[in-house]
Structures are given as structure tokens and as C-alpha cells.
Amino acid sequence: MSILLDQSNRVLVMGVTGNYGKFFVTDSGGYGTTVVAGVSPGRGGGDVDGVPVFESAHAACNATSADTAMVFVPPHLVRAAAIEAIEAGCKLVVATADEMPVRDTIEIRAAARANGARLVGPNSPGIISPGKAKMGFMPSFCFMRGPMGVISRSGSLSYEGSKRLTVAGIGQTTVIGIGGDPIKGTTAAEALALFHADPETKAVMYLGEIGGTEEAAVAEYAARKDAKPVAALIVGKTAPPGKKMGHAAALVGSKADSHAAKTKMLAKSGVYVCKGLSDLVPQAHNALAAAS
Amino acid sequence: MSILLDQSNRVLVMGVTGNYGKFFVTDSGGYGTTVVAGVSPGRGGGDVDGVPVFESAHAACNATSADTAMVFVPPHLVRAAAIEAIEAGCKLVVATADEMPVRDTIEIRAAARANGARLVGPNSPGIISPGKAKMGFMPSFCFMRGPMGVISRSGSLSYEGSKRLTVAGIGQTTVIGIGGDPIKGTTAAEALALFHADPETKAVMYLGEIGGTEEAAVAEYAARKDAKPVAALIVGKTAPPGKKMGHAAALVGSKADSHAAKTKMLAKSGVYVCKGLSDLVPQAHNALAAAS
Amino acid sequence: MMILEHEAKALLRSVGVAVPRGTLIKPGTRAPRVRDYPVALKAQVRSGGRGKQGGVIRVDNAKALKAAAKKLFATSFGDEKPEVLLADPWLPFDRELYLSVTIDAAAEGYVVLYSPKGGIDIEDGPKPARYPIGAPWKFRTHELRAVLETVEKDFQLRERVISLAQRLVETAAARDCHTIEINPLVRLKDGELMALDAKIVYDDWAHYRNADILAQRDGERRRADKLLRASLEMGHMYVKLDGDIGLISGGAGLTMGAMDTIHQLGGKPACFLDASPGPTSTRGYKPAFALLDGDPDVKVILVSVFGGGTHMNRVANAMKANMATRKSKKPVVFKLDGTYVEQVPGIFDTFGAKNHVSLEAAVKEAIKLAKRA
Amino acid sequence: MMILEHEAKALLRSVGVAVPRGTLIKPGTRAPRVRDYPVALKAQVRSGGRGKQGGVIRVDNAKALKAAAKKLFATSFGDEKPEVLLADPWLPFDRELYLSVTIDAAAEGYVVLYSPKGGIDIEDGPKPARYPIGAPWKFRTHELRAVLETVEKDFQLRERVISLAQRLVETAAARDCHTIEINPLVRLKDGELMALDAKIVYDDWAHYRNADILAQRDGERRRADKLLRASLEMGHMYVKLDGDIGLISGGAGLTMGAMDTIHQLGGKPACFLDASPGPTSTRGYKPAFALLDGDPDVKVILVSVFGGGTHMNRVANAMKANMATRKSKKPVVFKLDGTYVEQVPGIFDTFGAKNHVSLEAAVKEAIKLAKRA
């Protein structure tokens, strides 16, 4: 099994006629993702690589029973497209866009909550269940099917981390990019709960950063008696305090946000903390060993 | 019968320890209104004229089964108090305050809709079911029980109009002040629907003004085949266009807002239109005569 | 309250809406900083219908600008002379649209209005398309898109209008505006939308959470003369009319009812004056008397109050105190009714005043006195 | 981005929050318009901990003001010298509180934080009370009241705090602020609350709907030197560090991962430079190279990119074009991986570059080259 995504998701692409939308249809379709529809207001009636284009998410969902949406529109339009997909009935919406105002994400989350839907992202690589389906632009060769759930706050780091696991023979149930923004459609805590419930996931690799409070949730989960083993890499050891490191959430504001505080807290909760990228595979092995 | 209010409403007074709140407890309690509780944060535990004071609407409703709220707090706090009462379970909330930002009223209406509650007001005299109960400061001697429903956009005009009816021997089922603001908790259309459903109400007197779109709803109702007879007085014949006459909604913006357009539209729909205050009683008689 | 076009445009610019880069011209400015001609020279007034009254002049050079400015500063629009002019660049566009956000009782909140043909004749054209929203956070681009689908065929333009409408709704809510109207909204040659004109009506009562509104209210008072200012500062609402019976009343509805009754019985009201928002004390009514006593057009004062929460014993005592210190000899007619009205005759007796029982009787008396004056 | 205290106070004043009537003092001002002493003279800087670093001086007369201003203008706070000072009246107050609104993942949106004891030691005290709101329209005064019931015993003060908190939440949403922090919020002798200090962090990405944010971003770029400005205008994110290995990377996480790897293997990163927001073209990377080539502290450049939507053939071609026109002789080490990485070696061969397969190998090479330089 996997979490959130497999071949059974019927995917609708919001903004399907843009460059990203078109590439996604071809790339993820080739990977196995079931892409059933696209939306592009004013351009309904056509198709993109065989996928029919509709005027609205409502029309698309009615015609194709789409239940999952991938959003590829400019940052200032993501809120509109995501909420449209949610209110048309999509239960999972993935938004990879960065440069989104955080208030927009808050509004999407509120709409998702009101409609029993889930947002993944924004400012995230998306989500991939290796060998089944992907929602995003991850380089497919970095991933393979296996027992480890991966949660990442950063896109490129999730590629780097997953490739290291794959090369070492450790496959993944699902790799979920929760994104680098301070408000997330799906938090680390929520992703952990999903992996916890997934029987195929034996252990979890968490790729985190300085700043924010996600890591506290990881420690909290790891401290549970019934927790699956968790390994974690926290980047930003060499980042100076008080400076924003790209991600809006990657800023050491208070002492609890620092690399030292986070790794200490995680280790204390029984997390296999990686000393750096080079230590990722050994700690993943440790976590998996603890699972058996 | 009557609409919305009688002795069975269990009334909670928000802001009960202020001057208005205290006067209301005594005055309306003396009239017959069932006042069961008051709220004044920081002053819970005491009482006002025998009515217990609570820290919150939630506590008050739990303890007294209050289902109706009268709001007497300064204009900038009305939104908070009204929404608190609605979310504590009150199904009818009356707010008489003027000087309220219209966005606040919009938010109260949204909360009322989400909770199946009704707001009356703001900027309204409130509501009185003569001989039963009153929510507001209406001078009781102006009203008496009888067959006419009264809807008014203005407070003092509702007193003047009702007193004329009472002196002429025409009693009222309920007199509802819908208020002079552009966004109303209860619109004329909604008040008409309530009177339409009330078997004791034989005819309706509508006291309107220039500006706004309420009168269109009155005409629409009157044009129905099953409508009860409606009489109406529209004030503001001598008001110049483009000037706000006190009420934020009393401004002739487009041609449809003018006195001439409104009276013409009402007369065309079969409304007994009063030529002025002096013509109020004759038209009320006409409406009642048509009802039998 | 309505703000001036250039103020409305500044607000729109602050929320990322494209507006022309105009130049403000004050009276007496010798060399306005206008570099590129032609410009649209626009009288900054609050009254509507400015365009049809010649309040916008196309100007092609500095000399013509001077002449046009002189002319506009000398023109009255309604009862208003412009205090400032706006010189906007004259921009070529290929479409004129209408877009506004306002509040609407039936919508239970905000509503978006759009017409694919904007301009000064908007009132005479077909009704704009209407998207009712309610609470501002209920705005949905896909709902507006569905409303506009048959109204605006150009889908690229439509998408721009939808984004702009969302911005306007958020701005109306955030800045407590009753109305934000852009007419015309134009499409420039490059496809971008721009607000060539803008009308914003603020919510007066949000002054405590919006310093702009407070400043506008203060400006309104500053522009008023001394007597009116005192009344406005008491919270009174006043509109001057062209008659001779000065009316001090309470409540907008009854005030208009009294005005209409004066008219019907053959008199002419001198004003709308709703004194109910002020304190029902000597202090509260004093500026109202001063204002009407100081107005040479007013021949008689009619006090018509019907109070619920306003107690008539207090009002009667306030009248007594005011009459005692008042210097004007203009006659005053009273019609008080409402809570504790039974105490009024006793109080009135102490200073020889009479309280009329019916509005009609009071109005007839006032008309008689006005004719006699 | 954080704005300066006086800018934050101006924003708060515009939404009706009481702030001191302060005076801005620019360098070289001979006679600041300060009338009443004492005043608190405050360095306007973005770095935290200003109070503990002597950035606020009580001044009792004009002469002392001059001396204190000179001193503050000459002081560095973090890496920042004040460009302007704020002289606020020194106000007597009887309580110091802490109130902020910020965004919080667990709250799914906004959260209100309150502490009955504010001031510069807030971080060391007990954690503030926390009211999670989520979407701004879900704020409820009665919910905040319940949170504060046991925290703030003075109920009159509590009610004022609740009203203020609501204003701050509405403002944070309306103006796209990540954080509005008032510390200290003080109670004056008359019971009124006033923001003696204020910190506002804007949401950078809302620049298209908030002209203030756009202006702040432009100011940030204006303050940067020419080389950095070009990189910022490309959308790059840059933080200078004290090492010698210049890092051009993509994605915040991997950039930090590379920085940490450099450190772990014995080197020192010269910067955080995330070039992923810019275009993956020659144009996109050019300013990044120019910036690091122009920095004398940088001895070697490490390009580490792992792309998904960013295609490696395009990046490799961009590197080729940049290397061809580049004048600097600083060595460059490459580690590209991701979509279409299989095309990289072919492209790199054409200009004699090598693509490292592992980050560790690339970092070791960079450290070696840095030591040699």
C-alpha cells in the first residue's frame, strides 16, 4: 500500500494548457498516474495529450469522476483553482507553487476542512507513490517501491534523500513533500498519522529544516509507544540565526527553532537523527532494523 | 399569534450591566417579556433586578435555557456579542445599535445563517408583540394587540405609525423594526414571509423610505395571488437626490430609489399606498377591509 | 461618505490595481507638473454625473490646461465647487467596462456588478450582471466565472475581471467600503485592465478602525462652517433644504415623515436635521438650535421627537434649558411624544411652552408662524 | 520581510491602534522637532534584541538628544546600522503586556499570543497564552476570552486586549502580515492600551496586492549593492556567510543540506544562495555567478542543483553559456542531478566541465580547491 496516492486516484489538472500542465500530463501519465481531465477556462472542449479539457472543475468532475486535483496555475491564482477543485468534489489537492501568499493557503485549508478534503503543499514537490503514481515533477529514477515512508519540507532535498535511499536499496511506500511554507495543507503530524496507519510502511524518514514547529510534532509522534521507527535529517546547522533561509518558515526565531534544539529534541524522543546527508542511509537502515 | 416573539421566548441580555441593559430588564420585564439571564464579562455572579448575570452567553444559555438575545453593547462590540449569543444557541438576536459598520452586520448574518438563527436589526427599534413581549425601548402605550402586522425601516416612525393605528382602534400582531442600515438581519421580504404565515395577521402595514431595494420586495410580495393586503407609507418625498438622509440606506442613488418610483411600483402591485402620515389610518382600514 | 476620485485611485493603487499616473492640480498652481499631453483634466467632486456636466476636459498643451483649470475651478457641480483637479494621461483603450462591488440587502452582504459596456451611460443600458457573495470570504472565482460566462465572451479579459473583482471585494471588506465602483474600467492596448475612474464610498461608522475614514470625517467637518460643525460634532445628521421651517427631529424616518407632512400641508422644510445620535441633553440640542437660529432662511423651528430609549422628560428639560439661554427670537413649535411623555406638559408649563399632540397640528402652527415672519 | 518599528506603528495607527506620537530623526538633522522631553530615542533596525544592545536611550533634553543620536547612528545592531531614529514620548504606564498575532502550522492559520508580562525578557518567561484561530474570519471574542480568563485577571484590561487582538487579526489578514507583535503593549494611567513598540513581518509574496510590500521589496533591493541587486531581481534568495565556498544551489532544503555538508567535510560555505526561483536559463544564473565572482571572500564556486521541474539539460546549457562569457578565474565545481541528468555529461564534455555524481565528492573537490586558492 501507500498513502494518499496510487493508480486509483482519478486526477484532474487545473491549468492543464500551460507548460507545466502539459508536461505533467505526459510525464506523470507515462509514470502510471491516472490523469482523467484538465481545466482551462476559455479553452474547454480541446484536449492535452488525449486528456479532455473542461471549462470548470465542476464540469470536469461531473464528466470524468475526477477525485484528485493537481494545480498548475500562477501563484496568485492557486487559491482560486484549489478551492474550485475542492468544491467540485476533489478530496486530494496538490499545489506545488511557491510564491503563494500564506493567507491564500489558509483559505484553501479552511475550504478543504469544510469539504472533507486534503491539500498537499504549497511550495512542495508534490507526492509520489513509487511504481504507482506521482503528482509533481519528481525525477522518477530517484524513487523505488519499498517499506519506507518519506516526509520532506523541501523539494530538492526529497529528491536527493530518496535517491540515496533508492541507491542503497531502500524503497519507499510514498514520498510526500509537505512544503517549505509556514502554513501547510498537510503537516508533518498529519503525514505521520497517514504513514502510521499504512501497513506497508515500516519506518519513516523525515527530512526537516530549522525554523517552524513541524519537528516538535515528529518528536511527539516518535515518543508514542506504538510509533513506527522514525529517522530524521534536519538541515540548516550552519545557518545563522535571524536570517530567512529561502523558505519562509526556515528562520531561527526563538531558541527552540535552532538546529541544536531540534536534533536534541528528536534524539530524546527516540528518532534516529542523521548527522548529515552522508548519514542518511545508515540511519534509515537503523530505523528499518528497529521495525522488524 | 404573533411573529418571532411572545412570552415563551427566554431572553438573554448581552451587556446587561450597562444603563440600557438595566433599563431594559425593568421596562420590558414589566411589559411581560421573559427575561431570564444577562451577560457581562467580569461581572458574572451578580444580578440585575433579579436577573442573574453570567460571564458568557454559553454559561447563561446552559444555566437558563435562554433562546433569544437582546444586545446592548457599544456599536463596535455588537458583532462580538451577537455572534457569541448565536453560537451559544440563541435562535433570535435583536440588535438595536446604530453606528455599526456594515461589515459587522454581514458577519453576524453569516453566523446566524450557519447556525439557523435570525438577527433583527441593527439600527432598529427592535420588535414588539403587543400585550405579550417586547425587545427594545418602544413606548408601550403606542401599541395594542390586533390584526395588523407592521414592518418599519425606522424606529421613531414605527412609534408614530403604530400610535396612529392604536388610537384608531387598529391593533398589531407584531411590530418589527427591520432597521435603517443597508444590510439587515431580517429584510422586509423575510418579515413579510413571517406575517404571511401568521394566521392572526390579516394585513400588513409597511413603513418605508427612499433608497435601497426593500420596497421592491414588498411590491413583489403584494403582487402574489395569495398575498395578504399590504398598505405602505414611503417617507422622503421631499428629500433631494444624492444626499444621505440619516440612514445609510436612505439615499436616492438611481432612479428606482426615488419616492415617485417606489410609490408607483407599490401601487401597481396592489399596495394601499399612503399619501402621507395623515393618510396612514385610512389606508390601514382599506387593507383590513380587503382582508375580510 | 464618498471620497474624491484621486483618493479612491490612491487606495486602489495601494492594493495593486492599475490606475493612471495622474497629477493633482490645486487652485493657484502656476505650472502644473504635467509632462505628456494630451491629458484628461477632471474636476474632483463628490456629486455624480460630472462627465455629463462638462467636468472632464481633454487638454492638449500647457496653455489649454491653464484655461481649462480656470474654468473647472469656477464651475459648480451640484452644490460643490472642485477644490482640486486631477490631470490623468489620456490613454488609448479598446474597451470600456463597468465593474463594482457594493453591499446589497438581498445578497446579505457584498455583491459584484459587471457590465461589458461601461461609461457614462451605464444607468441607461441593460442591468449589469450580478454576483451575490454575502460575507467577503464566500467569494468564489468559479461562481463569478459562471455568472460572467454568457456576459463576457472574451475569456482572457474575463479572467482579468474575475481577479480584479476578487481584489475589490477583499478591499471593500478590509477598508470598510460600502461601494467601490470602477467606471470605466478600460482594457489598454496591451490587454491590461486599468481603472480610468473610481468611486469609493466609505462606511462612516468604521472610523474607529480606519484612520482614513476618520480623516475624511474630520475633513467634512472642517469644510463645514462653524455652526454646522458644532452640530456635526454632536453626531447630528444635517442636510440643508430650500424652505423656511427649520426642523429638529429624531430618527431618519420620522424626520423625513415630518418633512413630507410640512410639504403636504403647504409649507417648506428648511432642512433634514436628525438630532437623535447626539446626547439627549441641553448640550445635545444646543448646536441644533444655534445652527437654525443662525440660518437667515429659517423662519420658525419645529421640534418633532418621538422617543423610545430617548426619554421625553429629559428632552423636555433640555428644551427648557435651551430656550432659557437662547438669544434668537424665532418662534419654536414642539411636538414631543414617546416614553415618559406624560411628564412633558408639567415641564413645559414652567416656561410657557406648548406640546402639540399631533404632528399635523404642530406643522400647521409652524407654517402659520413661518408665513407671519 | 520585517519592516521598521516606525513603519509598523504607522500601519497600526492607520487601523486605529494607539501608538505614541513619535518624531523621525534622519542622519544630519540639526534640530529635530522634539518638543517635550523626556523621549525614548530608538534605533530603527530590523534585527532583534535591540533593547538589550543599547538601541533605546532615554533622553531628557535637546543636547542629550544630539549626543544620543550621534551614538546610535554609529552603532551596529547585528550587521545593520540604523538609517533613521524614532524619538517617542516617554510615557508613564502601569503595566507592560505582550500581544501578538502570527501564523502557525498547527493552528492552520493565525494564532493570538498573549502574556500578562511583556517587555524585553519575554523569551525567558513562561510561554504566552495561545488562541488558535485558523482562517481570520473564525476569530471569536468569546473564545479568546475563555483562553484569557485565567491568564489575565483584570477583566476591564482583558476586554481591551480582546478588542485589540481582533483588530490585529483583521489587519494581519487584510495587509498580508505574517506577524504583528506588540511588545510591550502598555496600559497608560487612564486605562487605555498603547503599542510602545511594534514589529511587523510582511508576507513577501503578497507584493502584487499590497503596494507597501512591493515598496519594501524595492527598498531591500535598493539597499543592496549592484551585484546583489541583480541576483535579487532574478528572484534569488541570498544570505552571506563567513566562509570561502560560494554555493549556487536550488531549493532551500538542499542548499542548507549542501552548506551543512561543506561544514561537515571541513569547509566553510560563503553563502546561502538559492537560485531556483529564477529562470533556469543563462540569464537566470548569470547574476549568481557575477555576485560570487565579485565577492573577494569566495575562493571557489560549487553549483549543486537537483531538479524535478527544472530540467538538467537546460541547466547544463546555461552553465556552458555562463562559463563561456565569465571573466573570473575562480574554479567552479558542478553537481547536477535530476530530470534529464543523463544529457548533462554530453553537454559538459563540450566545454570540458565535469559533473560530480555525489554531493560529497563535489564538496571535497570544492574544499580542496578553496584551500589551494
Side-chain angles (χ1 to χ4, degrees), chain A residues 20 23 75-76 96 98-103 106-107 109-110 113 125-126 136-139 141-142 152-160 163 180 182-184 187 189 207 209-210 212-214 217 233 235-240 242-250 253-255 275-278, chain D residues 1 47-48 78 103-110 123 134-138 172-173 176 178 203-206 208-209 235 237 239 241 243 249-265 268-269 272 274 276-277 305-310 312 337-341 359-360:
Chain A
Y20 283 123
F23 180 78
H76 68 283
T96 58
D98 56 354
E99 307 198 4
M100 252 184 80
V102 80
R103 172 158 61 84
I106 293 171
E107 294 186 19
R109 257 214 92 137
R113 188 165 277 282
F137 294 126
M138 334 42 197
F141 68 87
C142 297
S152 178
R153 278 173 68 180
S154 165
S156 46
L157 187 62
S158 77
Y159 308 156
E160 175 78 36
K163 187 183 170 192
I183 302 292
K184 295 162 173 51
T187 62
L207 304 172
E209 295 173 357
I210 51 168
T213 55
E214 293 299 315
L233 168 67
V235 298
K237 187 174 182 177
T238 47
K243 299 282 181 187
K244 191 176 78 174
M245 307 306 278
H247 281 165
S254 69
K255 287 165 194 164
K275 287 194 187 71
L277 267 167
S278 323
Chain D
M1 74 213 18
S47 5
I103 47 172
D104 182 284
E108 302 180 19
Y110 298 94
E123 279 234 39
W137 60 84
K138 295 184 178 169
D176 281 301
H178 275 197
D203 186 336
D204 299 30
W205 300 128
Y208 63 87
R209 63 190 182 199
M237 305 201 233
V239 178
L241 304 169
S249 191
L254 188 58
T255 307
M256 285 190 277
M259 279 160 51
D260 291 357
T261 305
I262 291 169
H263 176 79
Q264 204 161 20
L265 296 178
K268 284 184 110 181
F272 169 99
D274 178 356
S276 64
V305 179
F306 206 131
T310 302
M312 285 307 119
D337 205 347
T339 306
Y340 301 144
V341 66
L359 180 62
E360 284 87 339

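For the numbers below, each heavy atom of this structure counts, side chains included, while hydrogens, waters and symmetry mates do not. Every value quoted in this text rests on a predicted model; they were computed, and no experiment measured them.
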Pairs of heavy atoms under 4.5 Å with chain A: top-ranked of Ala135(D), Gly134(D), Ala173(D), Ser47(D): Ala173(D)
Heavy-atom pairs under 4.5 Å with chain D, option from Pro75(A), Pro125(A), Ser278(A), Gly136(A) with the top count: Ser278(A)
Under 4.5 Å from any heavy atom of chain D - which part of Thr187(A): side chain
Tyr20(A), OH: over 12 other non-hydrogen atoms inside 6.0 angstrom: no
Heavy-atom contact with chain A under 4.5 Å, split by part of Lys268(D): neither
Interface moiety of Val305(D) toward chain A, non-hydrogen atoms closer than 4.5 Å: neither
Chain A contact via Asp176(D) - side chain, backbone, both or neither, heavy atoms under 4.5 Å: side chain
Residue Leu359(D) versus chain A: region with a heavy atom under 4.5 Å: both
Top of Thr261(D), Thr255(D), Asp337(D), Asp104(D) for chain A proximity - count of heavy-atom pairs under 4.5 angstrom: Asp337(D)
side-chain contact (heavy atoms from CB on, under 4.5 Å) between Thr238(A) and Gln264(D), intermediate numbers included: CA-CA 10 Å; Thr238(A) 47; Gln264(D) 204 161 20; over 6 Å; no
Engaged part of Lys275(A) at the chain D interface, taking heavy atoms whose separation is under 4.5 Å: both
Where Pro139(A) and Gly307(D) come nearest, the two heavy atoms and their spacing: CG-O, 3.3 Å
Residue pair Leu207(A), Arg153(A): steps toward the side-chain contact (heavy atoms from CB on, under 4.5 Å) verdict: CA-CA 6 Å; Leu207(A) 304 172; Arg153(A) 278 173 68 180; over 6 Å; no
Pairs of heavy atoms under 4.5 Å with chain A: top-ranked of Val239(D), Asp274(D), Asp204(D): Val239(D)
Top contributor to chain D contacts, counting heavy-atom pairs under 4.5 Å, from Lys237(A), Arg109(A), Glu107(A): Arg109(A)
Shortest non-hydrogen contact from Leu277(A) toward Leu254(D): CD1-CD1, 4.4 Å
Ring geometry between Phe306(D) and Phe141(A) (parallel below 30°, tilted from 30 to 60°, perpendicular above 60°): parallel
Under 3.5 Å: donor-acceptor pair, side chain of Ser154(A), backbone of Gly253(D): yes
Basic-acidic side-chain contact under 4.0 Å: Glu108(D), Arg113(A): yes
When Asp260(D), Asp203(D), Thr339(D) are compared by non-hydrogen pairs under 4.5 Å with chain A, the top option: Asp260(D)
